[in-house]
Participant: 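Handing you this structure, nothing more for now.
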Amino acid sequence: MENKVKPNGTATFTVAGKTAELPVYSGTHGPDVVDIASLNKQTGHFTLDPGFTSTASCESQITFIDGGKGTLLHRGYPIDQLAEQSDFLEVCYLLLNGELPSQTELADYKHTITHHTMIHTQFDRFFEGFRRDAHPMAIMTGAVGALSAFYHDSLDINDPQHRIISANRLIAKMPTIAARAHKYSIGQPFISPRNDLGYAANFLRMCFAVPAEDYEVQDVMARAMDRIFILHADHEQNASTSTVRLAGSSGANPFACIAAGIACLWGPSHGGANEAALTMLQEIGSVERIPEYIAKAKDKDDPFRLMGFGHRVYKNYDPRAKVMQKTCHEVLDAVGASNDPLLPIAIELEKIALEDEYFVKRNLYPNIDFYSGITLKAMGFPTEMFTVLFALARTVGWVAQWQEMIEDPTQRIGRPRQIYTGAANRDYVPVSKR
Ligand code: CMC
């Protein structure tokens with residue numbers, strides 16, 4: 001990657017009588033950044049920012065979010081345009097290569113991905129090592145990490161061709177692995193991919209067909225699945241992506257790095273929120289009980305939070321949530337579940353929260369996970385699979401960000417510092433004297 005940050009003056013920082021001159025850079029969009037890399041050298045001080053709320057960890061040309069305006073761009077293209085007019089594999093190509101493909105490039109890319117969806121039969125035996133009741137995210141973490149035990153031929157991270165082969169393998173095989181994680185947990189035989197189906201349709205069929213009866217993929221379902229994949233494809237330097245970059249900064253192979261990303265995504269504050277949002281709607285159970293839960297969410301002595309609300313970066317309506325809400329209605333209509341009792345609860349909860357002073361003051365809006373749980377449930381997925389679908393879709397973002405990091409000439413191993421507040425230096429006391 002060719003670095004593109006532009007110098008935009010300097011900032012002066014004075015601490016304990018020492019002054020540092022720090023470069024300021026401008027990107028294409030977003031706030032300018034102060035480059036503090038030389039601060040320690042100039043003043044002997046570190047900075048402290050535990051949740052990275054004021055810290056950019058890298059330069060990136062992939063995704064831009066304006067949390068105040070509620071904007072999300074991939075390589076400059078707004079997410080709603082991509083969700084309405086593109087398809088997931090085209091978005092994958094865009095994220096990985098920086099530009100939309102020509103017709104030939106797109107056809108070639110789709111052919112490559114389609115023809116690498118099968119996994120080695122020996123690999124299938126890994127699944128049998130898991131308990132039947134294992135969470136599919138546990139299976140995903142293990143199985144994706146195990147890909148590095150299979151594909152020794154593409155593990156040289158310094159070889160651009162190896163990086164492309166690994167990227168293609170991950171994107172092509174992730175739906176097959178995810179569908180197997182699902183089939184394994186419900187005790188059904190694995191269904192092989194079929195090359196005459198598109199990426200999303202193929203995944204749905206691998207999840208829902210059984211040897212005794214094929215699964216006819218409805219267009220509306222394939223389109224909804226594809227759109228859900230697009231909406232989750234990348235989200236700049238979030239927790240799991242930063243995990244992938246940090247793991248990759250040591251030179252670890254891409255399969256190991258993506259497995260680390262999957263583990264991070266599993267948490268309820270990140271990818272696990274769609275499962276948590278649906279569970280919360282089920283627990284609320286009726287529109288009448290919403291005020292009780294709103295009060296719980298506002299009570300500082302109660303750990304309860306409205307799941308599917310709030311975001312570290314968006315302080316406006318999550319642009320993905322708007323598309324997700326529309327997709328949710330389309331799917332519910334198609335499966336005849338528009339009378340799902342959870343939908344009126346979700347709509348009323350959203351309305352009340354958007355008018356409530358507590359949520360308004362803190363800019364807490366629905367995020368993508370608020371409507372994705374209801375949608376995925378209507379499509380037939382059990383709640384344990386929700387985060388797996390997120391991981392499947394986010395794989396391309398992780399890979400694109402990992403590739404960008406490896407190609408960045410300024411890349412070094414990630415190594416944060418700390419402020420130490422433990423015991424001061426003291427002498428060891430032999431056990432006989434304690
Ligand atoms: N319900 C009630 N209060 C909330 C919520 C919520 N969902 N989210 C934030 N707050 C309050 C929080 O208590 C704090 O109040 P105060 O200023 O009085 O102390 C204020 O809003 C700021 O919250 P924060 O915890 O400092 O914000 P954060 O940026 O650290 O956390 C978050 C962001 C997404 C973890 C958080 O909003 C949350 O836990 N939301 C619910 C879980 C969820 O839906 N996560 C999905 C995120 S989107 C998908 C993804 O990126 O993975």
Side-chain angles (χ1 to χ4, degrees), residues 49-55 63-68 70-72 74 79 137 228-244 260-284 290-325 346 349-376 383 386-395 397-398 401:
D49 185 10
F52 295 102
T53 47
S54 294
T55 300
T63 292
F64 173 74
I65 302 173
D66 183 330
T71 310
L72 168 60
H74 290 321
I79 189 66
M137 278 301 273
I228 290 170
F229 290 159
I230 293 174
L231 294 179
H232 289 86
D234 191 47
H235 215 220
E236 52 120 306
Q237 309 310 321
N238 56 84
S240 56
T241 302
S242 299
T243 301
V244 169
I262 295 174
C264 176
L265 185 75
W266 194 359
S269 296
H270 193 6
N274 50 14
E275 188 174 339
L278 186 74
T279 311
M280 176 192 75
L281 291 174
Q282 282 162 338
E283 195 186 310
I284 296 175
I290 291 176
E292 185 191 322
Y293 280 83
I294 294 273
K296 267 164 79 66
K298 288 156 66 172
D299 181 355
K300 289 287 155 215
D301 296 325
D302 190 326
F304 176 79
R305 282 187 165 198
L306 274 195
M307 299 316 281
F309 267 81
H311 198 275
R312 170 57 62 79
V313 180
Y314 293 120
K315 302 302 169 197
N316 200 325
Y317 211 100
D318 179 343
R320 302 167 303 167
K322 282 190 191 144
V323 185
M324 199 61 240
Q325 188 191 42
L349 185 63
E350 179 182 353
K351 189 166 154 273
I352 294 177
L354 287 178
E355 288 165 0
D356 190 292
E357 201 222 331
Y358 173 95
F359 292 89
V360 174
K361 210 171 113 202
R362 288 169 180 77
N363 294 315
L364 298 171
Y365 291 86
N367 57 49
I368 187 170
D369 293 319
F370 191 63
Y371 281 104
S372 62
I374 308 177
T375 315
L376 295 172
T383 47
F386 294 178
T387 319
V388 172
L389 301 179
F390 192 159
L392 189 172
R394 183 55 58 85
T395 297
W398 291 329
Q401 302 266 355

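All figures in this text were calculated on a predicted structure; none of them were measured in a lab. As the structure lists them, so they are numbered: ligands from 1, and atoms in each ligand from 1.
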Participant: Step by step, work out the side-chain contact (heavy atoms from CB on, under 4.5 Å) result for Arg320 and Tyr314.
Facilitator: CA-CA 11 Å; Arg320 302 167 303 167; Tyr314 293 120; 3.9 Å; yes
Participant: If you apply the rule side-chain contact (heavy atoms from CB on, under 4.5 Å), what do you find for Leu389 with Ile228, and how did you get there?
Facilitator: CA-CA 9 Å; Leu389 301 179; Ile228 290 170; 5.5 Å; no
Participant: With a 3.5 Å distance limit and no angle check, can you tell me whether Thr53 reaches the backbone of Asp49 through a side-chain donor-acceptor pair?
Facilitator: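 Such a contact is absent between Thr53 side chain and Asp49 backbone.
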Participant: Where is the nearest protein heavy atom to atom 48 (S) of ligand 1: which residue, which atom, and how far?
Facilitator: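 Scanning the protein heavy atoms, the shortest distance from atom 48 (S) of ligand 1 goes to His311 CD2, 3.4 Å.
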Participant: Does ligand 1 have an atom under 4.0 Å from some heavy atom of Lys300?
Facilitator: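 It does; at least one heavy atom falls under 4.0 Å.
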Participant: Nearest to atom 1 (N) of ligand 1, what protein heavy atom do you find, and at what distance?
Facilitator: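 Going by distance alone, atom 1 (N) of ligand 1 is nearest to Leu306 N, 3.1 Å.
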Participant: If you count the atoms of ligand 1 from 1 in the order shown, which ones are under 4.0 Å from a heavy atom of Ala297?
Facilitator: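 It comes down to these atoms of ligand 1: 2 (C).
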Participant: Could you check atom 29 (O) of ligand 1 against the protein and tell me its nearest heavy-atom contact, residue, atom and distance included?
Facilitator: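 Closest protein heavy atom to atom 29 (O) of ligand 1: Arg312 NE, 2.7 Å.
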Participant: Please report whether ligand 1 has a polar contact with Pro268, defined as an N or O pair separated by less than 3.5 Å (distance criterion only).
Facilitator: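 Among all N and O atoms of Pro268, none is under 3.5 Å from an N or O of ligand 1.
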Participant: Would you compute the distance between atom CG of Leu376 and atom CD of Glu275 and round it to the nearest 0.5 angstrom?
Facilitator: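 Going from the CG atom of Leu376 to the CD atom of Glu275 covers 11.0 Å.
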Participant: Flag the pair Glu350 / Tyr371 as yes when at least one side-chain heavy-atom distance between them is below 4.5 Å, and no otherwise.
Facilitator: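 Yes, their side chains come closer than 4.5 Å.
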Participant: Below 4.0 angstrom, counting only protein heavy atoms, does anything approach atom 22 (C) of ligand 1?
Facilitator: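 Under 4.0 Å from atom 22 (C) of ligand 1, zero protein heavy atoms found.
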Participant: List every atom of ligand 1 that sits less than 4.0 Å from any heavy atom of Asp369, numbering the atoms from 1 in the order shown and giving each element.
Facilitator: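 Heavy-atom distances to Asp369 below 4.0 Å select 46 (C), 48 (S), 49 (C).
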Participant: Among all protein heavy atoms, pick the one closest to atom 12 (C) of ligand 1 and tell me residue, atom and distance.
Facilitator: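 The closest one turns out to be Arg305 NH2, 3.3 Å.
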Participant: With the threshold set strictly below 4.0 angstrom, can you tell me whether any protein non-hydrogen atom sits that near atom 26 (O) of ligand 1?
Facilitator: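 Neighbour list for atom 26 (O) of ligand 1 is empty of protein heavy atoms (cut-off 4.0 Å).
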Participant: Apply the test side-chain contact (heavy atoms from CB on, under 4.5 Å) to residues Tyr293 and Leu349: give CA-CA distance (whole Å), side-chain angles for both, the deciding distance (0.1 Å), then the verdict.
Facilitator: CA-CA 9 Å; Tyr293 280 83; Leu349 185 63; 5.6 Å; no
Participant: For atom 11 (C) of ligand 1, what's the nearest protein heavy-atom neighbour? Residue, atom name and distance, please.
Facilitator: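 Going by distance alone, atom 11 (C) of ligand 1 is nearest to Tyr358 OH, 3.5 Å.
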Participant: Between Asp356 and Ile294, is any pair of side-chain heavy atoms under 4.5 Å apart?
Facilitator: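 Yes. Closest side-chain heavy atoms under 4.5 Å.
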Participant: Using heavy-atom distances only, which candidate in Gly67, Cys264, Gly310 approaches atom 34 (C) of ligand 1 most closely?
Facilitator: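 Looking at heavy atoms only, the winner is Gly310.
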Participant: Among all the protein's non-hydrogen atoms, which is closest to atom 47 (C) of ligand 1, and how far away is it?
Facilitator: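 Nearest neighbour among protein heavy atoms for atom 47 (C) of ligand 1, to 0.1 Å: Asn367 ND2, 3.7 Å.
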Participant: Would a distance-only check, ignoring hydrogens and angles, find a side-chain to backbone donor-acceptor pair under 3.5 Å from Asn367 to Gly310?
Facilitator: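 Yes; at least one donor-acceptor contact below 3.5 Å.
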Participant: Taking only heavy atoms of Gly271 into account, list the atoms of ligand 1 that are under 4.0 Å away from them.
Facilitator: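 The list of qualifying atoms is 52 (O).
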Participant: Quick test: of every protein heavy atom, which one is nearest to atom 40 (N) of ligand 1, and how far off is it to 0.1 Å?
Facilitator: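 The closest heavy atom on the protein side is Phe309 O, 2.9 Å.
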Participant: Check the surroundings of atom CD in Glu292: do more than 12 heavy atoms from other residues, nucleotides or ligands lie under 6.0 Å from it?
Facilitator: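 Buried by this count: over 12 neighbours within 6.0 Å.
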Participant: How close does the nearest protein non-hydrogen atom get to atom 43 (C) of ligand 1, and which residue and atom is it?
Facilitator: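 Checking every protein heavy atom, the shortest distance to atom 43 (C) of ligand 1 gives Ala273 CB, 3.5 Å.
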Participant: Taking 4.0 angstrom as the limit and counting only heavy atoms of Arg362, give me the atoms of ligand 1 inside it, by number and element.
Facilitator: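 Reading through ligand 1 atom by atom, the close ones are 11 (C), 15 (O), 16 (P), 17 (O), 18 (O), 20 (C), 21 (O).
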Participant: May I ask whether Asn238 has any heavy atom positioned less than 4.0 angstrom from an atom of ligand 1?
Facilitator: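 No.
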Participant: Using a heavy-atom cut-off of under 4.0 Å, does the side chain or the backbone of Leu364 touch ligand 1, or both, or neither?
Facilitator: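 Side chain only.
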Participant: Side chain of Asn238, backbone of Glu236: donor and acceptor closer than 3.5 Å?
Facilitator: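 Side chain of Asn238 to backbone of Glu236: a pair is present.
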Participant: Taking Gly51's backbone N and O only, do any of them form a donor-acceptor pair with Arg312's side chain (distance below 3.5 Å, no angle check)?
Facilitator: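 Yes, the answer is positive, given that a donor and an acceptor are paired below the 3.5 Å cut-off.
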Participant: Passes side-chain contact (heavy atoms from CB on, under 4.5 Å), Thr387 versus Asn274? Steps please.
Facilitator: CA-CA 7 Å; Thr387 319; Asn274 50 14; 3.9 Å; yes
Participant: Which residue in the set Gln237, Gln401, His74, His235 passes side-chain hydrogen bond (donor to acceptor under 3.5 Å, both in side chains) when paired with Thr63?
Facilitator: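 Only match with Thr63 under side-chain hydrogen bond (donor to acceptor under 3.5 Å, both in side chains): His74.
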Participant: Can you list the ligand 1 atoms lying under 4.0 Å from a non-hydrogen atom of Gly308?
Facilitator: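 Reading through ligand 1 atom by atom, the close ones are 43 (C), 44 (O).
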Participant: Considering His270, Lys361, Met307, Arg394, which one's heavy-atom position lies nearest to atom 50 (C) of ligand 1?
Facilitator: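 Result: the heavy atom closest to atom 50 (C) of ligand 1 is in His270.
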